[in-house]
Amino acid sequence: MISNYEFTVIFDANEDKTKAGLELVESTFSKYGVEVTKKEDMGVRTLAYLINKQEKGHYVYFEIKADGLTIKNMSRAFELSTDVLKYLFINPEKI
């Protein structure tokens, strides 16, 4: 069943790594047929704690439409990427 999700991802603050990570995310969305309804680049921010020895991260927020299995499969791809520091999927309908 297709649901609305909020997806926030943090990339390395390095511009090249951010670009590579964003291309990975968008190509993964395309591969799984995910509909992006909103995309907001939140810019580089200081992290609350070090992640992979990084003090800053580039935040990007998406609102998407996908099913639960697709979210699970995409999560695996993002876990394996070195360009993605952290990510979070939230289903606002279940909060």
Side-chain angles (χ1 to χ4, degrees):
M1 183 171 110
I2 303 291
S3 297
N4 293 316
Y5 287 89
E6 295 176 359
F7 173 66
T8 304
V9 61
I10 306 172
F11 302 109
D12 189 305
N14 176 298
E15 190 175 329
D16 293 333
K17 290 187 177 187
T18 297
K19 185 176 178 181
L22 198 53
E23 287 173 3
L24 168 76
V25 168
E26 291 176 341
S27 67
T28 303
F29 286 168
S30 177
K31 175 183 172 184
Y32 286 102
V34 171
E35 179 186 345
V36 177
T37 57
K38 181 179 180 181
K39 175 183 171 186
E40 182 180 339
D41 187 334
M42 298 166 62
V44 175
R45 297 179 178 199
T46 302
L47 301 171
Y49 56 90
L50 293 179
I51 303 174
N52 296 343
K53 299 181 183 177
Q54 301 294 317
E55 293 180 356
K56 294 185 182 270
H58 193 117
Y59 286 68
V60 182
Y61 169 82
F62 294 89
E63 289 180 8
I64 61 173
K65 292 186 179 189
D67 62 41
L69 183 59
T70 299
I71 297 298
K72 184 177 178 181
N73 291 334
M74 288 191 303
S75 292
R76 184 70 180 142
F78 299 148
E79 286 173 13
L80 297 174
S81 172
T82 57
D83 296 320
V84 175
L85 295 180
K86 288 282 184 187
Y87 68 91
L88 178 65
F89 285 101
I90 297 176
N91 184 339
E93 296 164 4
K94 294 190 177 183
I95 294 177

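In this text, all values refer to a predicted model and were calculated from it rather than measured experimentally. Just the heavy atoms: all of them, side chains too, but no hydrogens, waters or symmetry mates, feed the values below.
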For [X], which residues count as a side chain to side chain donor-acceptor pair (under 3.5 Å) partner, sequence neighbours excluded?
X: Thr70; value: Asp67
X: Asn14; value: none
X: Lys19; value: none
X: Glu40; value: none

Verdict with reasoning, Leu22 to Val60, per side-chain contact (heavy atoms from CB on, under 4.5 Å):
CA-CA 9 Å; Leu22 198 53; Val60 182; 4.2 Å; yes
Assess the pair Phe7 and Phe78: is the distance between their ring centroids shorter than 6.0 Å?
yes
Flag side-chain contact, heavy atom, 4.5 Å: [X] against [Y]:
X: Glu26; Y: Lys39; result: yes
X: Glu6; Y: Ile64; result: no
X: Met74; Y: Val34; result: yes
X: Lys38; Y: Phe62; result: no
X: Ile90; Y: Leu88; result: yes

Pairing residues for [X] by the side chain to side chain contact (heavy atoms under 4.5 Å, CB included) criterion, not counting sequence neighbours:
X: Ser3; answer: Met1, Tyr5, Asn91, Glu93
X: Thr37; answer: Glu35, Glu63, Lys65
X: Leu50; answer: Glu55
X: Glu15; answer: none

Inter-residue atom distance Ile71.CD1 - Phe89.CZ, 0.5 Å rounding
4.5 Å
Atom OG of Ser81 and atom NZ of Lys17: how far apart are they, to the nearest 0.5 Å?
10.0 Å
In short, Gln54 meets Leu47 closest at the heavy-atom pair O-CD1, 3.4 Å
Judged by atom type as modelled, is there a donor-acceptor pair below 3.5 Å linking the side chain of Tyr87 to the main-chain atoms of Ile10?
no
Whether Ser27 side chain and Glu23 backbone form a donor-acceptor pair below 3.5 Å
yes
Would you please name every residue forming a ring pair (Phe, Tyr, Trp, His ring centres under 6.0 Å) with Tyr59, sequence neighbours left out?
none
Hey, what else clusters with Ile2 if you join Ile, Leu, Val, Met, Phe, Trp, Tyr whenever side-chain heavy atoms sit under 4.5 Å?
none
Suppose clustering is done on Ile, Leu, Val, Met, Phe, Trp and Tyr with side-chain heavy atoms closer than 4.5 Å. Which residues sit in the same group as Val44?
none
Would you say Met42 and Phe29 are hydrophobically clustered, going by side-chain heavy atoms of ILVMFWY under 4.5 Å?
no
Mind running side-chain contact (heavy atoms from CB on, under 4.5 Å) on Leu85 and Phe11 for me, showing each step along the way?
CA-CA 5 Å; Leu85 295 180; Phe11 302 109; 5.9 Å; no
Just do the side-chain contact (heavy atoms from CB on, under 4.5 Å) check on Leu24 and Val84 with the steps written out, would you?
CA-CA 9 Å; Leu24 168 76; Val84 175; 4.3 Å; yes
Mind jotting down which residue pairs meet the ring pair (Phe, Tyr, Trp, His ring centres under 6.0 Å) criterion with at least one end in residues 32-51? Sequence neighbours excluded, please.
none
